[in-house]
Amino acid sequence: MRRSSLDKVRESLRLQQVYNLLLSYSWDFLFERWGLLGDLRHAMQRWVWQLPPDLELLSTPVKVRLLLEELGPTYVKMGQIVSSQAAVIPAEWDAELVKLQSDVPPFPTTQVREIIAEELGAPPEELYASFEPTPFAAASTAQVHRATLYEGQEVAVKVQRPGIQSQMKADIGIMQSASRVISGRSDYVRAIDLEGMVKEFGDNVLAELDYTGEAYNAFRLSQNMASIEGVHIPAVYPALSTPRVLTMQFIRGVKITDLEAIDAAGLDRSKLGRTTLRAMVKQLLIDGFFHADPHPGNLMVDLETGDLNFLDTGMVGQLDLNQRMNIVQLLIALQRKDVTAMAQIMRDLSVPFMGEVNDKAYFRDFERRIGRYMHAEAGSGTGFGESFNVALDVLRENGLRLNPELTMAVKALMQTDAVSTLLYPEGGIVRDGMEMVKDMAIEEITADRILDVASKQLMLSGREVIKRLPSLQEATVKWLDQYQKGRFEVYVDTSGLAKEIDKLGKLGQQIVIVIMLVGMIIGSAIVTTVIALSDVVGDLWLFLFRMAYLGYIIPMVVALIIVFRLVWHWLRGKEATED
């Protein structure tokens with residue numbers, strides 16, 4: 001993130017605000033730890049403010065939540081990330097931090113009208129048939145108002161908080177400066193790449209402030225989820241959306257963890273749990289484009305239709321084919337309770353951050369601490385999230401860490417597994433995940449799908465070939481120049497040929513065929529060009545012209561057949577030298 005002089009001034013002012021808040025809360029925390037002084041302070045507060053004697057004191061988790069809310073959206077976002085890791089924090093802390101996902105004070109309606117008018121060119125009263133000035137939800141970076149379009153559709157209008165971008169840039173700048181100072185003084189902090197983690201956090205947070213990205217994510221997820229029955233992504237209305245205002249379909253429903261409401265509506269818990277798991281398995285392991293924050297607040301169940309709705313598509317992740325296959329292998333090892341294979345896969349997916357790694361100690365620790373979870377009896381209460389958190393602890397204690405994209409994917413899997421097993425305790429990612437992967441992989445391999453992939457590859461190859469081909473005029477001049485000098489040079493680069501002895505013969509045959517085709521194409525092009533540019537006439541020259549033209553067309557057709565044949569081999573996973 002590049003910072004201007006104005007950004008540095010904002011950071012200085014913001015740093016003073018942060019310092020004052022931290023100092024105020026730090027004194028409060030210190031008084032709490034000093035026992036007698038804390039009791040005396042509370043007695044004085046009751047006397048001065050005339051507080052009732054039975055007033056319950058705020059706990060430390062509540063104070064930390066209030067501190068994060070006062071510090072602002074950047075720190076609230078950090079608290080939300082921590083709260084999503086419910087398996088690794090105490091229950092009382094999770095109960096408070098989860099409120100950061102919904103219990104955030106709204107900003108005034110006058111500012112809402114100003115932002116909408118600035119972004120969309122007119123006040124909300126003119127753009128919508130109706131617009132509720134009071135928000136029904138407020139988050140760390142925005143708040144949401146209900147509205148109705150002139151066509152009758154109910155929509156939710158997400159409006160970004162005023163001044164949020166400059167404030168978050170200042171906060172991230174402060175964090176980056178602090179991380180550089182700390183990294184310069186601590187080998188451990190430098191080894192875990194604190195600066196890189198802060199940069200990644202800052203880039204992701206700032207990217208979420210551009211709602212055009214969220215709109216695109218919703219569109220892409222909607223396409224990918226079209227084949228999963230019972231899963232819905234709210235539609236976005238582009239004409240009423242900008243980087244700071246997002247108009248989307250209004251969804252009625254309850255959080256997926258509201259079991260009482262789900263049961264009262266007569267919905268099948270097990271079906272809903274399997275649908276949730278199936279949707280995330282497809283996103284993560286089939287498509288490689290996934291909702292990166294599927295906490296219960298972002299999973300809404302429509303009690304009338306039973307559909308599962310994915311909300312807030314601002315944070316997404318992407319996995320390439322190799323990363324998806326690695327996660328599949330990890331799930332297979334979990335399903336088979338193969339601790340050694342799981343340890344090896346996670347070691348391969350990790351990178352060291354504290355110098356040289358003692359692999360023997362790592363495998364010993366992994367076997368000792370994960371083995372008990374792998375071989376736990378059914379119904380023991382041990383879940384996928386708990387065992388995987390221990391595995392991540394083993395990695396960290398041995399100086400290893402996962403790739404950031406894989407960490408995000410694993411977190412999404414853990415959140416989904418927790419939700420699905422709450423609805424359907426008999427299932428889960430380990431029990432049902434691999435069967436779902438097999439079923440969906442078979443569904444994806446269709447003739448249309450293969451044809452689509454092949455056509456895309458051919459188009460990409462064609463563009464690359466066209467870019468590398470010289471223009472007709474340039475090629476003709478070079479060919480004629482070489483022809484007049486009495487020599488014709490052909491350069492064949494064989495540096496990339498395979499070294500295997502049993503393939504040399506077939507490769508040689510292919511090279512000969514290619515050289516002959518290239519020679520025929522070039523020779524015919526030269527002859528055709530020379531005859532066309534000359535003034536000679538007669539049946540003989542016309543015959544030679546036609547023969548040269550056929551000599552150009554036929555090798556070109558043969559070359560295209562060879563290209564299609566090679567692509568066919570590639571699609572079937574065969575070697576190109578099998579012909």
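Position 1 is the first residue of the sequence; numbering continues from there.
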Pairing residues for Leu66 by the side-chain contact (heavy atoms from CB on, under 4.5 Å) criterion, not counting sequence neighbours
Tyr25, Leu58, Val62, Glu69
Within the side chain of Asp210, is there an N or O that forms a donor-acceptor pair under 3.5 Å with the backbone of Thr212?
yes
Qualifying salt bridge (charged side-chain N to carboxylate O under 4.0 Å, His left out) pairs with a residue from residues 301-327, counting only residues at least two apart or across chains
Lys158-Asp312
Apply the test side-chain contact (heavy atoms from CB on, under 4.5 Å) to residues Leu413 and Ile327: give CA-CA distance (whole Å), side-chain angles for both, the deciding distance (0.1 Å), then the verdict.
CA-CA 10 Å; Leu413 268 181; Ile327 295 179; 4.0 Å; yes
Is a donor on one side and an acceptor on the other found under 3.5 Å between the side chain of His145 and the backbone of Glu132?
yes
Per the ring-ring contact (aromatic ring centres under 6.0 Å, His included) rule, what does the pair list look like for residues 397-425, sequence neighbours excluded?
none
Partners meeting side chain to side chain donor-acceptor pair (under 3.5 Å) with Asp432 (sequence neighbours left out):
Arg274
Quick one: list whatever passes ring-ring contact (aromatic ring centres under 6.0 Å, His included) with Tyr237, sequence neighbours left out.
none
Tell me whether Phe219 at atom CZ has more than 12 heavy atoms from other residues, nucleotides or ligands lying less than 6.0 Å away.
no
Under the ring-ring contact (aromatic ring centres under 6.0 Å, His included) test, which residues partner Phe310, sequence neighbours left out?
His291
Could you tell me which residues satisfy salt bridge (Lys or Arg N to Asp or Glu O under 4.0 Å) with Asp263, sequence neighbours excluded, listed by chain and number?
Arg269
Checking the side chain of Thr247 only, and the main-chain atoms of Leu240 only, is there a donor and an acceptor separated by less than 3.5 Å?
yes
If you look only at distance, which donor and acceptor atoms sit under 3.5 Å apart when one is on a side chain in residues 112-123 and the other is two or more places apart or in another chain?
{"unit_1": "Arg113", "atom_1": "NE", "unit_2": "Glu125", "atom_2": "OE2", "d": "3.0"}
{"unit_1": "Arg113", "atom_1": "NH2", "unit_2": "Glu125", "atom_2": "OE1", "d": "3.2"}
{"unit_1": "Glu119", "atom_1": "OE1", "unit_2": "Thr242", "atom_2": "OG1", "d": "2.7"}

Tell me which one of Gln283, Gln318, Lys282 satisfies side-chain contact (heavy atoms from CB on, under 4.5 Å) with Phe290.
Gln283
Taking salt bridge (Lys or Arg N to Asp or Glu O under 4.0 Å) as the definition, give me every residue that meets it alongside Arg347, ordered by chain and number, with sequence neighbours left out.
Asp359
Checking side-chain contact (heavy atoms from CB on, under 4.5 Å) against Asp365, which of Asn398, Leu395, Asp393, Ile370 comes through?
Asn398
From Thr313 atom OG1 to Asn298 atom CG, the distance as rounded to the nearest 0.5 Å:
9.5 Å
Tell me every residue that passes salt bridge (Lys or Arg N to Asp or Glu O under 4.0 Å) with Glu397, counting only those two or more places apart in sequence or in another chain.
Arg369
ring-ring contact (aromatic ring centres under 6.0 Å, His included) involving Phe363 - partner list, sequence neighbours excluded:
none
With sequence neighbours excluded, tell me which residues meet ring-ring contact (aromatic ring centres under 6.0 Å, His included) with Phe366.
Tyr362
